[in-house]
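Computation of the quantities below employed the complete heavy-atom set of this structure, encompassing side-chain atoms and omitting hydrogens, waters and symmetry-equivalent molecules. Since this is a predicted model, take the numbers as computed values, not measurements.
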Amino acid sequence: MSRIYKLSTAPRGGPALDYHGLLNDQQIAVVEAPPGPILVVAGAGSGKTRTLTWRVARLLHDGASPESILLLTFTNKAAREMLRRVEEVARIETRRLTGGTFHHVAHLVLREHAATLGYARGYSILDREDADDVMTAAVADCGLAVGARRFPKADVLVDLCSMAVNTQTPLAEVVATRRPQFIPLTEEVLRVARRFAERKRDLNAMDFDDLLLNWKVLLAEHEPVRRALAGRYRHLLVDEYQDTNRLQGDVIDLLAADHQDLCVVGDDAQSIYGFRGAHFANILEFEQRYPTAQRFALTVNYRSTPQILSLANASIACNLKQFEKELTSVRADGPLPALVPCRDLFQQAAFTAQRVLELRDEGVPLPEIAVLYRAHHHSMEVQFELARRGIPFVVRSGVRFFEAAHVKDVLAHLRFVRNPGDELALKRCLKVTPGVGTATAQAVWATLQARRRGGGAVDDLGAGEVLAQVPAKGRPGYLALCEVLRRIAARPTCDLPGESIEAVLAGGYEEYLRAEFMNAESRLEDLRQLAEYARGWADTETFLAEIALLSELSAETVSEGGEPDEKMVLSSVHQAKGLEWRAVFVVWLADGRFPSAQALKDRDGEEEERRLFYVACTRAKDELYLTYPVMAAPRDRERVVMKASRFLEELPAEPPLCDRWQLDDGGAPPPLPEVPPAPALAASTGARRLPRLFGEPEDPC
């Protein structure tokens, strides 16, 4: 006879939750809000993660089963950290609670219900590299791999399809708005996209976008499944709701349609990912979709000084589409943000580097200092100056500027013209030439070496025996390359590095970027800025030498004493969201740069740029420096006056929100950068302070 031993359920409530000394009144109101649709507008630095953690803990304490809670975040790390905190504060087991990214949760759901959509058990998940391979095969299936017109590369096509899925927009419309140069190829792109979907089905596989799309299909087209999932997840909580795209918003609404026990947390003022497909209307129109929703605001900021918040509040108030709120600080007063007009790019970089050294001398560690910018190429001059002065830094927005592939591609053209014996430079140029592969590049180089008889190597590229090494499909691109190299080898272009870079772009490299990369416009902006920067150099040879030395100087900064104990941060504002530093420099605050000229084409674009500026300012805890160059680098030997960013110009004059600093370097004309000898650089790594560039702060803006 078997004996039955009954397991008792652990008490749900556990110890009493005591958060009244840990949360402010606004946060407590969110934690204790009754079930129903809840919109929490959480300002920067207002403790939204802590608030969401305690709300989950309270749900569990009040009797909600762990299985009934679904917590959606934008990283699995964020979900794990939040659940760890829940266990810590509530002392309740959370292993049965579902938390993670949208894609993670979608996979859990589809693993159970994929058969409903016609997938066999154990479907595969394609990572990005796998998806690119499937797309390449789809292009080949459609006979479009080789043709008279350059067809988009696989990764570009995958990006276009991904944007269509996540924004729930027809692919033809995405092509027209995102990559208009491919409009003549729209029918072919649609055919390839259909074949791409067929191939994934044949493989019994889904890519990351399919996970979300199929989750929505289950909910929208299979009512029994939707009811089952809605019944299982009785309490929905979504973090960073302002960053959700249209597809994610639809999934949430379908899950919450019956019980509407939905708590979304986000900040409309930090919605800055429209270019990735984030749907600003999700948070802005939440109360229209949920008329009974309660709105709570978290406006007590624990990060920044009152002076920094006053400037940020005044700036974001200029936006029309927003939930009006004003952040207040619990911090003691600090210095006013500094507005620092600079003569040109070089002075902007010099000021930034010098002030960084001063801050470190004043006790601010380098990791607590950041330089933020709208676009990666805005950091170019700053990177150069930091390397020259031996200040170690890490770039969060990508690789160091001069190490980026597209920058090295263009500079390879200039290198080969200056040094026809540079095999690596020529092969790099050939690598980005359509129809020319590694074997052809090697054959071209070997033939050049065999026939070299004192003539110019650039002219030799067009010789018959060299041209014979290039297959027919590569001839048009190869001949275009020869023409570009001849053009930049001829006077006066050969002595004008800026004009040489523009010639490379016009000679086919721009077309190459647009076909190869979804972020082609960003890369082109990098190269246009490089051309502008190069005009500040006396000749091409000096320019190339200094660029090469920059990498060596960056290496010396580390190698002289091993890996540095600390590095300051360079980051785009987009990459900096969610982070904070004691001192922040926001550079290139000139109209057309920040905000970007592209974004100023419509009101929505301008407002997203202002939100980006708001995010940049609210990263600073103690000190904020806002800089811009008054003069652009010379073009055709003429200087262009830059207008200060409208985000600076629109700030009210009274009460003063910032101090205007006037830089003083004795009135000397801006010299070309000079690289100090290596020993001097090593000795100056943050150890000595150069003469101040500026006088005492004056004239509040």
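Taking CE of M642 as the reference point, atom OH of Y628 lies at 10.5 Å (rounded to 0.5 Å). Between L414 atom CG and I488 atom CD1 the span is 5.0 Å, to the nearest 0.5 Å. Annotation: the span from L496 atom CG to E502 atom CD amounts to 10.5 Å, rounded to 0.5 Å. For the atom pair CG (L430) and OG1 (T438), the distance works out to 10.0 Å, reported to the nearest 0.5 Å. Y509 contributes atom OH, which lies 9.0 Å from atom CG of L524 (distance to the nearest 0.5 angstrom).
At least one side-chain heavy atom of E606 sits less than 4.5 Å from a side-chain heavy atom of R646. Counting heavy atoms from C-beta outward, V158 and R128 have side chains that approach closer than 4.5 Å. Counting heavy atoms from C-beta outward, M631 and Q347 have side chains that stay 4.5 Å or more apart. Using a 4.5 Å heavy-atom cutoff, the side chains of H376 and Q383 are in contact. Proximity of F594 to L612: side-chain heavy atoms (C-beta onward) are separated by under 4.5 Å at one or more points. Using a 4.5 Å heavy-atom threshold, the side chains of P434 and Y512 count as separate. Looking at S315 and L651, their side chains come closer than 4.5 Å, going by heavy atoms from C-beta outward.
Closest heavy-atom contact between S596 and E609: N-OE1, 3.0 Å. Nearest heavy-atom pair across C658 and L339 is SG-CB, 4.1 Å. Nearest heavy atoms, A154 versus D132: CB-O, 3.5 Å.
For H377, the side-chain hydrogen bond (donor to acceptor under 3.5 Å, both in side chains) partners two or more places apart in sequence, or in a different chain, are D526. Looking at residues two or more places apart in sequence or on another chain, you find no ring-ring contact (aromatic ring centres under 6.0 Å, His included) involving Y614.
Counting heavy atoms of neighbouring residues, nucleotides and ligands inside a 6.0 Å radius, atom NZ of K153 does not exceed 12 of them. Summarising the local packing, CD of E510 is surrounded by more than 12 heavy atoms from other residues, nucleotides or ligands at distances under 6.0 Å.
Ring to ring, F384 and F346 are not that close: their centroids are 6.0 angstrom or more apart.
Between the side chain of R360 and the main chain of P365, no donor-acceptor pair closer than 3.5 Å is present.
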Note to self: Assess the residue pair L411 and L530 against the criterion (side-chain contact (heavy atoms from CB on, under 4.5 Å)); give the C-alpha distance rounded to whole Å, side-chain angles, the decisive distance to 0.1 Å, and a yes or no.
What the structure shows: CA-CA 10 Å; L411 294 180; L530 178 65; 4.1 Å; yes
Next item on the list: Please lay out, stage by stage, how Q348 and T627 fare under the test side chain to side chain donor-acceptor pair (under 3.5 Å).
Entry: CA-CA 7 Å; Q348 178 177 248; T627 76; 3.0 Å; yes
Anything under 3.5 Å between a donor and an acceptor, one on a side chain of residues 578-588, the other on a protein residue two or more places apart or in another chain? List them.
from : atom 1 : to   : atom 2 : distance (Å)
E580 : OE1    : R303 : NE     : 2.8
R582 : NE     : D622 : OD2    : 3.4

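A cation-pi arrangement is absent between R355 and Y625, since the terminal nitrogen or guanidinium carbon is not both under 6.0 Å from the aromatic centre and inside a 45° cone about the axis.
Each of L359, I369, V364 was scored for a side-chain contact (heavy atoms from CB on, under 4.5 Å) with M568, with one residue passing: I369.
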